[in-house]
Amino acid sequence: MSETYQLYRYINTDGSAKEWAWRRRADGTLEVRWGRAGRLVQQRLYPASHQEQLFKTIAGKIRKGYVDLGWCPLTQHTGRQTRPTAVGATHPAPAGSRTVSSGLKLDWSRLVTDVSNDWF
């Protein structure tokens, strides 16, 4: 059996990756899972009253470089995706959940490239 989680992935400089995911359970509790990419075997449950702290944690993960992969079905015991999901692909969000944005604003004018400023 699988449940849908909002999944985040961090890719290390050596190419390995770790993932972090969460979902709201039917009873309102928040389930968080984490581990190596494709193996989210560690798990913790939080009461619904910890929702704001969860969203702050998500914003912190995004600031650290985690990428939001969207809502993905994961198996209950191994934490593996039950079907392949492209990076950035999304699934319907469970009721009562929200996607958290880091609020990060990028100043592209400071980007250094080999392309002249009049390329477009």
Side-chain angles (χ1 to χ4, degrees):
M1 180 172 181
S2 65
E3 298 292 340
T4 303
Y5 293 77
Q6 187 169 5
L7 182 64
Y8 298 85
R9 180 177 293 148
Y10 181 84
I11 300 175
N12 296 302
T13 55
D14 66 0
S16 63
K18 57 185 177 178
E19 293 176 336
W20 188 92
W22 78 278
R23 74 175 178 114
R24 181 179 313 280
R25 294 164 45 121
D27 64 1
T29 58
L30 306 167
E31 181 180 356
V32 175
R33 298 180 73 163
W34 66 95
R36 293 181 313 177
R39 298 279 303 168
L40 284 79
V41 294
Q42 297 178 75
Q43 169 189 11
R44 184 156 181 198
L45 298 178
Y46 295 94
S49 62
H50 284 70
Q51 177 175 309
E52 286 306 312
Q53 182 58 44
L54 174 81
F55 294 142
K56 288 178 185 178
T57 299
I58 293 168
K61 294 213 172 278
I62 291 170
R63 278 193 304 275
K64 290 177 184 176
Y66 279 77
V67 176
D68 182 352
L69 301 181
W71 292 92
C72 302
L74 302 176
T75 61
Q76 190 165 357
H77 298 292
T78 64
R80 291 185 186 271
Q81 289 186 22
T82 58
R83 63 178 179 256
T85 303
V87 173
T90 59
H91 297 278
S97 60
R98 72 180 196 199
T99 300
V100 177
S101 171
S102 67
L104 181 66
K105 294 187 182 347
L106 301 175
D107 180 3
W108 295 105
S109 67
R110 298 183 185 270
L111 183 66
V112 178
T113 68
D114 294 333
V115 179
S116 65
N117 288 336
D118 61 349
W119 67 273
F120 57 102

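Just so we're clear, the structure is a prediction, and the values are computed from it rather than from any experiment.
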Asks: Once you round to the nearest 0.5 Å, how far does NZ of Lys61 lie from OH of Tyr10?
Replies: 10.5 Å
Asks: Shortest non-hydrogen contact from Leu7 to Leu40?
Replies: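 Result for this residue pair: CD1-CD2, 4.0 Å.
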Asks: Please determine which of Arg44, Gln43, Glu3 meets the side-chain contact (heavy atoms from CB on, under 4.5 Å) test together with Arg33.
Replies: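 Testing each of Arg44, Gln43, Glu3 against Arg33, the sole residue satisfying side-chain contact (heavy atoms from CB on, under 4.5 Å) is Gln43.
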Asks: Do Phe55 and Trp20 belong together in a cluster built from hydrophobic side chains that touch within less than 4.5 Å?
Replies: yes
Asks: Can you name the ring pair (Phe, Tyr, Trp, His ring centres under 6.0 Å) partners of Tyr46, sequence neighbours left out?
Replies: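 Once residues adjacent in sequence are excluded, Tyr46 has no partner under the ring pair (Phe, Tyr, Trp, His ring centres under 6.0 Å) criterion.
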Asks: For Ala48, enumerate each residue passing the side chain to side chain contact (heavy atoms under 4.5 Å, CB included) test, keeping only those at least two apart in sequence or located in another chain.
Replies: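 Side chain to side chain contact (heavy atoms under 4.5 Å, CB included) check on Ala48 returns nothing, list empty.
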Asks: How long is the gap from CH2 on Trp71 to OH on Tyr5, to the nearest 0.5 Å?
Replies: 10.5 Å
Asks: How long is the gap from CZ on Arg9 to CG on Leu69, to the nearest 0.5 Å?
Replies: 5.0 Å
Asks: Could you tell me whether the side chain of Leu74 reaches within less than 4.5 Å of the side chain of Arg23, counting heavy atoms only?
Replies: no
Asks: Residues in side-chain hydrogen bond (donor to acceptor under 3.5 Å, both in side chains) with Thr57, at least two apart?
Replies: none
Asks: Do Tyr66 and Ile58 come close enough that some side-chain heavy atom pair is under 4.5 Å?
Replies: no
Asks: For Arg36, which residues count as a side-chain hydrogen bond (donor to acceptor under 3.5 Å, both in side chains) partner, sequence neighbours excluded?
Replies: none
Asks: What residues form a side-chain hydrogen bond (donor to acceptor under 3.5 Å, both in side chains) with Ser16, not counting sequence neighbours?
Replies: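 In terms of side-chain hydrogen bond (donor to acceptor under 3.5 Å, both in side chains), with neighbours along the sequence ignored, Ser16 is linked to Asn12, Asp14.
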Asks: Gln51 versus Leu30: any side-chain heavy-atom pair under 4.5 Å?
Replies: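 Contact flag for Gln51/Leu30 side chains = yes.
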Asks: Test of understanding: with side-chain hydrogen bond (donor to acceptor under 3.5 Å, both in side chains), list the residues that count as partners of Gln42, not counting sequence neighbours.
Replies: Trp34
